[in-house]
**Q** 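Please read through the structure below; I'll follow up with questions.
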Number of protein chains: 2
Amino acid sequence: METTAVSLATSNIRESTPSLDIYRQLFDSILEQRLAPNTKLNEQDLAIVFGVSRTLIRQALQRLAAEQVVVMQKNRGAFVAAPDSVLAKQILEARELIEMAVIDLACGSLTSQTVQQLQLMIDMEQQALDFGDTGTALRRSGEFHLRLAEAAGNQPYVHMLRGLISQTSLIITMYGQGGNSCARDEHLNLLRALQQGDLASSRRLMSHHLGHVRTGCDFNRRVVNGNLATLLS
Amino acid sequence: METTAVSLATSNIRESTPSLDIYRQLFDSILEQRLAPNTKLNEQDLAIVFGVSRTLIRQALQRLAAEQVVVMQKNRGAFVAAPDSVLAKQILEARELIEMAVIDLACGSLTSQTVQQLQLMIDMEQQALDFGDTGTALRRSGEFHLRLAEAAGNQPYVHMLRGLISQTSLIITMYGQGGNSCARDEHLNLLRALQQGDLASSRRLMSHHLGHVRTGCDFNRRVVNGNLATLLS
DNA sequence: TGTTATAACATTGTATACAATATTGTATTT
DNA sequence: AAATACAATATTGTATACAATGTTATAACA
């Protein structure tokens, strides 16, 4: 509750272990769209990139798989997840459920310090957008939502939402058509409504906000595959 | 959707790998209360018990940790999770949220085959209860709920609920005071209401059902620790 | 007796070696 | 040229060895 958010990945875990660091970097790389869906994650290559043995790489990949951000196929390896349109809609539905519950808990109960933090995160997101760095903006948008869930104070909500947010990023990468960046005002308005304890408005704003994600997607779009090279840049 | 449930753990994953099997056995052992909260899970001991190297044990433990069923402490090892009363209440709250959403999806849309399966699972639970095997009954109760979520057809709900159900089992182990076995009729009545498409009744029955879990708990109870020996019996 | 320092031990953390499986390329056949 | 069989290669799966850390027992001291 005290420090500013570092990474969406296990943001409430302060511990630092080598495999956790690798996990976080891969996680962020996927969220920032530097690793495309379906990208094969070769263990040996990653081991070289990160300068560790395959043991630690495998730990990180297994953690990512547990969050459904990567998929592991027996004897074939790990791939960045690529939810199909059916699953994508289910993910967005589930996310709305959790986010609404978060709103109910957070509305009117945010400390001024928390509001300040959330305000800052909105600014950071906008800053990334100004730089034209949509990947970072997307990640920071997710961090805003997650920080809000932390403020709501229900740990399982945070845990579940973390997975859903990261999968939402994958969905936007796969099916998004740009124009998902109306977020600044939406986040800002939401924060105001929450601060004022206006539950009806808060719920409506969050619902619209998530609705825009869905609206901004073309679920017929065909998906392109990526490769590991982007990690080296 | 076609086969009968095997284990609450990764019930939708058909693959069989050594570490998955170990994971499932540990998972069920915890759910059936044969491994008490806070029990230290020594890697070497488990490796001997399961006749494999520590490598596979670690994989299983990490998977369990991802589902919050065990907790891993750096350089100290893995322990069966022991949610405190605050977290326990949050878990039950989150579970109610998801279960209600499942009800909304499943109500009136269950196939006769699914109803049959659920009916069977209720019977199996009762059978375990008749044998006095409350551990198995508890696990089967969880399987009933999870099977229902599968029938609802939203994959993230299933995934999230799996974690919440297993944690509920831990909560019952820690804070339950017996008397949690009114489940048979409750499951039965719920199934009838769902079958008939009676949403209001379905929601009310589920809410009461989960409420009983909470009612049956004394959150002031002090918790006893266990040890690995129970796995050998 | 109680406390601290230290050594012996046990356990987890990581790298590496080898086995099992999958993938790719080449040759052979039609 | 297309398809198949098979060898060569690459990749993942598992066990083991060693390093790093934590725990416990012992001994010295107050």
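Residue numbers start from 1 in every chain, and the chains themselves are labelled A, B, ... in the order their sequence lines are given, proteins ahead of strands.
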**Q** Restricting to salt bridge (charged side-chain N to carboxylate O under 4.0 Å, His left out), what partner residues turn up for B:Asp133, sequence neighbours left out?
**A** none

**Q** Taking only distance into account, with no hydrogens and no angle test, what donor-acceptor pairs under 3.5 Å do side-chain atoms of residues 73-83 of chain A form with protein atoms, sequence neighbours excluded?
**A**
residue: A:Gln73; atom: OE1; partner: A:Arg76; partner atom: NH1; Å: 2.7
residue: A:Lys74; atom: NZ; partner: B:Ser16; partner atom: O; Å: 3.1

**Q** Quick check: on DNA chain C, is the nucleotide nearest B:Glu43 upstream (toward 5') of the one nearest A:Val52, or the reverse? Name the residue that is more 5'.
**A** B:Glu43

**Q** Go through the structure and list residues passing side-chain hydrogen bond (donor to acceptor under 3.5 Å, both in side chains) with A:Glu32, not counting sequence neighbours.
**A** A:Arg34, A:Arg139

**Q** Could you tell me from which nucleotide to which nucleotide of DNA chain C, 5' to 3', there is an atom under 4.0 Å from chain A heavy atoms?
**A** C:dT14 to C:dT23

**Q** Just list the side-chain donor-acceptor pairs under 3.5 Å for residues 49-57 of chain A, sequence neighbours left out, or say none.
**A**
residue: A:Ser53; atom: OG; partner: A:Thr55; partner atom: N; Å: 3.3
residue: A:Ser53; atom: OG; partner: A:Thr55; partner atom: OG1; Å: 3.4
residue: A:Arg54; atom: NE; partner: A:Glu43; partner atom: OE1; Å: 3.0
residue: A:Arg54; atom: NH2; partner: A:Glu43; partner atom: OE1; Å: 3.1

**Q** For B:Asn75 and A:Lys74, find the nucleotide of DNA chain C closest to each by heavy atoms; which residue's nucleotide sits nearer the 5' end?
**A** B:Asn75

**Q** Report the residues that fulfil ring pair (Phe, Tyr, Trp, His ring centres under 6.0 Å) with A:Phe144, sequence neighbours left out, ordered by chain and then residue number.
**A** A:His187

**Q** Of A:Ala78 and A:Thr55, whose nearest nucleotide on DNA chain D comes first from the 5' end?
**A** A:Ala78

